[in-house]
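Take a look at the structure below.
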Amino acid sequence: MELPRIFTIRERNHRIHNPFTPEKFATLGAALRLPAGSTVLDLASGSGEMLCTWAREHGFTGTGVDISTLFTEQARARAVELGVADRVAFVHDDAAGYVSDQPVDLAACVGATWIGGGVPGTVELLTRSLRPGGMMLVGEPYWRRAVPDEETARACLASGSADFLLLPELIEQFGDLGCDVVEMVLADQDSWDRYQAAQWLTMRRWLDANPDDEMAGEIRIELTVEPARYARYQREYLGWGVFALMRR
Ligand code: SAH
């Protein structure tokens, strides 16, 4: 059980493994208007930046679950650094099927809906950990504008155009699943750059330090083609946002 190494090579220096900035996470945390002491379950918590900063800013307590050993270690170190290690815990585990022992006030899956087999399954999974009347957070890509063809969709790292919806359709899908969308904070092209462009320098530095690694050839190719691919396709067509949901 481990995240494939390619991700930790690209994203080892990221605190946020999504097209979100610290400011956007701060905006979202305040927008939820939850009281101090609120309990959180964060599935696919990555390096724990959301949980740790919200524990510090809003007095939340909670648990993060992630399959990456490196990211989980980084999350634990971040909790110590921010002085919230007594309020948050990070578990190295598969989040697929993970249900908390006690119902929580806020159940989140921010940028990993494959753990539930898609948005409907992830909403269902989060609901199983949620107290009645609690709030869910789902982070998910959407098409900023319709892709002209399947080649463009694949160049956005989707398997096809059907992988994602347009923003109004994604919002309607949450409604069809029996949820009110009660808040949202969306990525923008600049916050996408903080996620994607930051990987280029990380890859370049890794290549310089690890020229003989078995993955050096793959990373070399990726660094060569990735910036233009991203600028041509993903930056133009792919949106991303975090949606706060409450069951109707
Ligand atoms: N929510 C975090 C991380 C999002 S990136 C943030 O916003 O920064 C996606 C995360 O999903 C990665 O940290 C990866 O390690 C994790 N992941 C992928 N498959 C998983 C699984 N089956 N169970 C738990 N975590 C998983």
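This chain uses plain numbering: 1 for the first residue, then up along the sequence. Both counts, for ligands and for their atoms, begin at 1 and track the order of listing. Worth saying up front: this structure is predicted, and the values here are computed from it rather than measured.
Scanning the protein heavy atoms around atom 8 (O) of ligand 1, the nearest turns out to be H17 N, 2.9 Å. Regarding atom 23 (N) of ligand 1, its nearest protein heavy-atom neighbour is A95 N, 2.8 Å. Among protein heavy atoms, the minimum distance from atom 6 (C) of ligand 1 is reached at N18 ND2, 3.4 Å. When hydrogens are left out, the protein atom nearest atom 26 (C) of ligand 1 is I67 CG2, 3.5 Å; that is the closest non-hydrogen contact. Counting protein heavy atoms only, atom 9 (C) of ligand 1 is closest to G111 O, 3.6 Å.
Proximity annotation for atom 15 (O) of ligand 1: of I16, D66, L43, V110, D66 comes nearest, heavy atoms only. Checking A108, S47, A44, G64 against atom 1 (N) of ligand 1, the nearest heavy atom belongs to A44.
Residue-ligand proximity, L3 to ligand 1, at heavy-atom distances under 4.0 Å covers atoms 14 (C), 15 (O). If you number the atoms of ligand 1 from 1 as listed, the ones under 4.0 Å from a heavy atom of D93 come out as 23 (N), 24 (C). Which parts of ligand 1 touch S68 is read off a 4.0 Å heavy-atom cut-off, strictly below it: atoms 15 (O). Below 4.0 Å from some heavy atom of F71 lie the following atoms of ligand 1, by number and element: 13 (O), 15 (O). The distance from ligand 1 to the heavy atoms of S45 drops below 4.0 Å at these ligand atoms: 2 (C).
In D94, the parts holding a heavy atom less than 4.0 Å from any atom of ligand 1 are both the side chain and the backbone. Of the heavy atoms in Y98, none comes closer than 4.0 Å to ligand 1.
Under a 4.0 Å N-O distance rule, the pair R204/D208 qualifies as a salt bridge.
The CG atom of L70 sits 10.0 Å away from atom NE2 of H92, with the distance rounded to the nearest 0.5 Å.
Legend: ring-ring contact (aromatic ring centres under 6.0 Å, His included) pairs involving residues 156-185, not counting sequence neighbours, sorted by first then second residue: W143-F164, F174-F243.
The side-chain heavy atoms of I115 and L125, taken from C-beta on, include a pair separated by under 4.5 Å. The closest side-chain heavy-atom distance from L165 to Y142 is not below 4.5 Å.
Within the 4.0 Å heavy-atom cutoff, W114 counts among the residues contacting ligand 1.
With F60 as the aromatic partner, R87 does not meet the cation-pi criteria of under 6.0 angstrom to the ring centre and within 45 degrees of the ring axis.
Remark: the S159 side chain and the R154 side chain contain no N/O donor-acceptor pair separated by less than 3.5 Å. Side-chain atoms of R220 and T224 include a donor-acceptor pair closer than 3.5 Å. Using modelled atom types, one finds a donor on one side chain and an acceptor on the other under 3.5 Å when comparing S47 with H17.
W54 and H58 have perpendicular rings, their planes meeting at more than 60° on a 0 to 90° scale where under 30° would count as parallel.
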